[in-house]
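Since the structure comes first, as structure tokens, the remarks are kept for the end.
Lettering of chains follows the sequences in order, A, B, ..., and the numbering in each one begins at 1.
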Protein chains: 2
Amino acid sequence: MSDVEAAQLIEALRAEGLRVTAPRRAICQALAHGHDHHLTASTLHDASERALGSAIDISTVYRTIDALEQAGLVHHVHLGHGPAVLHLSDHVEHHHLTCEVCGFTVDIGLEELQGLTDAVAVRHGFTIDSAHFALIGRCGAH
Amino acid sequence: MSDVEAAQLIEALRAEGLRVTAPRRAICQALAHGHDHHLTASTLHDASERALGSAIDISTVYRTIDALEQAGLVHHVHLGHGPAVLHLSDHVEHHHLTCEVCGFTVDIGLEELQGLTDAVAVRHGFTIDSAHFALIGRCGAH
DNA sequence: CTCGATGCAAAGGTTTTGCACCAGG
DNA sequence: CCTGGTGCAAAACCTTTGCATCGAG
């Protein structure tokens with residue numbers, strides 16, 4: 001299934017008129033395999049080099065993430081401080097609850113915040129996109 | 001009133017057993033005058049130097065912010081990307097709604113999110129502290 | 001006099017950019 | 001071919017830290 005997803009990413013790149021190169025293939029593969037592990041640019045970098053079997057420049061990883069984001073295939077989420085984590089866009093969107101002490105993160109369904117986002121939209125004309133930034137707090141242990 | 005607040009900050013520093021120096025006086029003054037303008041470390045730095053009439057090292061600003069935070073007098077909030085903004089703690093706490101496109105930020109009352117935070121606390125054992133990180137979204141114009 | 005605060009400089013971590021070269025379509 | 005992708009190196013950005021010196025209490 002992950003390989004199917006990797007192939008879909010590659011195909012989507014091609015459809016966008018973007019070039020399919022060896023580093024990009026590896027990056028897509030690593031994304032497809034690890035997107036549910038809160039991949040950051042740096043862990044994606046590592047995984048991509050492992051997948052390719054040779055070095056890839058970190059700037060290439062960032063530029064590829066950028067290309068995939070602009071193509072709407074990937075997006076990034078900020079879990080408090082530290083690096084952004086990456087998600088495949090065709091996966092179920094969810095919000096993140098991150099503990100500011102230990103970094104523990106829970107995914108919660110969009111519908112859990114529906115009431116809030118609706119109310120804020122009505123009152124302030126704001127459309128909340130908290131799937132892009134996590135909700136920060138403290139988990140049970142902290 | 002702002003001068004009163006600056007004096008209160010200074011006094012509180014002294015009460016914490018911390019030393020009152022010229023740079024700290026200037027930083028407290030700048031904080032008191034500008035805390036409602038979404039001061040960042042760098043704009044606070046500028047304002048403090050203006051208040052003092054001579055140079056202050058940026059690391060001194062960070063260390064003073066740190067001291068004030070540990071004394072519970074100040075806290076910082078992250079409005080999406082970019083630097084943190086500072087608030088005086090004795091001012092009404094509020095959440096922030098920040099437009100990810102233009103950076104426009106609205107303050108909203110804590111009570112507007114009470115329902116949400118309560119629900120999340122019950123369901124996930126998480127205490128949301130979204131006063132520390134802003135809720136990101138898009139304003140009416142974007 | 002003592003310990004905390006300062007300035008200076010350097011480094012930290014994440015991300016971006018300039019540039020010459022290489023390769024996909 | 002021609003444009004876009006790559007590696008390399010350097011910088012940007014915000015923040016932190018080591019160290020010698022200074023000055024508040």
Side-chain angles (χ1 to χ4, degrees), chain A residues 9-28 38-46 48-49 51-71 74-86 100 103 132-134, chain B residues 9-28 38-46 48-49 51-71 74-86 100 103 132-134:
Chain A
L9 284 175
I10 303 278
E11 210 37 61
L13 275 181
R14 220 187 296 274
E16 289 282 323
L18 300 171
R19 289 185 187 162
V20 176
T21 64
R24 286 190 171 175
R25 240 183 268 272
I27 292 169
C28 289
H38 292 303
L39 278 178
T40 65
S42 134
T43 56
L44 175 59
H45 180 215
D46 296 346
S48 306
E49 291 192 327
L52 180 58
S54 68
I56 300 175
D57 196 83
I58 185 67
S59 66
T60 297
V61 174
Y62 277 106
R63 285 190 273 231
T64 300
I65 293 172
D66 230 57
L68 291 169
E69 287 205 79
Q70 261 174 276
V74 160
H75 56 104
H76 68 271
V77 179
H78 299 274
L79 304 182
H81 306 103
V85 307
L86 303 164
E100 62 191 337
H132 184 199
F133 279 80
Chain B
L9 284 175
I10 303 279
E11 210 37 60
L13 276 181
R14 219 186 297 273
E16 289 282 323
L18 300 171
R19 291 187 184 160
V20 175
T21 64
R24 285 191 170 175
R25 242 183 265 273
I27 292 169
C28 289
H38 293 304
L39 278 177
T40 65
S42 134
T43 56
L44 175 59
H45 180 215
D46 294 346
S48 307
E49 292 193 326
L52 180 58
S54 68
I56 300 175
D57 197 81
I58 185 68
S59 67
T60 296
V61 174
Y62 277 107
R63 284 190 274 231
T64 300
I65 292 171
D66 232 56
L68 292 169
E69 287 205 78
Q70 260 173 276
V74 160
H75 57 103
H76 68 270
V77 179
H78 299 275
L79 304 181
H81 306 102
V85 307
L86 304 164
E100 63 191 337
H132 185 197
F133 278 80

*What does B:T40 touch in the nucleic acid at a heavy-atom separation under 4.0 angstrom: a base, only the sugar-phosphate, or nothing?*
nothing
*asked:* Which residues pass the side-chain contact (heavy atoms from CB on, under 4.5 Å) test with B:D66, not counting sequence neighbours?
replied: B:Q70
*Of all the heavy-atom pairs spanning B:L79 and B:H38, show the shortest one and how long it is.*
CD1-ND1, 4.2 Å
*Mind checking which nucleotides bracket the chain B contacts on DNA chain C, 5' to 3', with an atom under 4.0 Å from a heavy atom?*
C:dC3 to C:dC8
*Using a 4.0 Å heavy-atom cut-off across all strands, classify A:A67 as base, sugar-phosphate, or nothing.*
nothing
*Indicate the ring-plane relationship of A:H78 and B:H81, choosing parallel, tilted or perpendicular according to the 30° and 60° boundaries.*
perpendicular
*Nucleotides bounding contact with chain A, strand DNA chain D, heavy-atom threshold 4.0 Å*: D:dT3 to D:dC8
_Closest non-hydrogen atom pair, B:G80 against A:F133_ = CA-CZ, 3.3 Å
*Straight-line distance of A:R63 CZ to A:L68 CG, nearest 0.5 Å*: 14.0 Å
*Could you walk me through whether A:H76 and A:E69 pass the side-chain contact (heavy atoms from CB on, under 4.5 Å) test, one step at a time?*
CA-CA 8 Å; A:H76 68 271; A:E69 287 205 79; 2.9 Å; yes
*Touch check for A:A41, heavy atoms < 4.0 angstrom, all strands: base, sugar-phosphate only, or nothing?*
sugar-phosphate
*asked:* Against B:I56, only a single residue in B:D46, B:L44, B:V61 fulfils side chain to side chain contact (heavy atoms under 4.5 Å, CB included); can you say which?
replied: B:V61
*Work out which heavy atom in B:T40 is nearest to a heavy atom in B:P83; give both atom names and the distance.*
CG2-CG, 3.8 Å
Quick one: side chains of residues 15-28 of chain B, donor-acceptor pairs under 3.5 Å with protein atoms, not counting sequence neighbours, listed by atom name and distance.
unit_1: B:T21; atom_1: OG1; unit_2: B:R24; atom_2: N; d: 3.3
unit_1: B:R24; atom_1: NH1; unit_2: B:R19; atom_2: O; d: 3.0

_Which residues share a salt bridge (Lys or Arg N to Asp or Glu O under 4.0 Å) with A:E100, sequence neighbours left out_ = A:R138
*Using five pairs at either end of the helix from C:dG13-D:dC13 to C:dG25-D:dC1, determine the angle between the two local helix axes and round it to 10 degrees.*
30°
*Of B:H78 and B:R63, whose closest DNA chain D nucleotide lies nearer the 5' terminus?*
B:H78
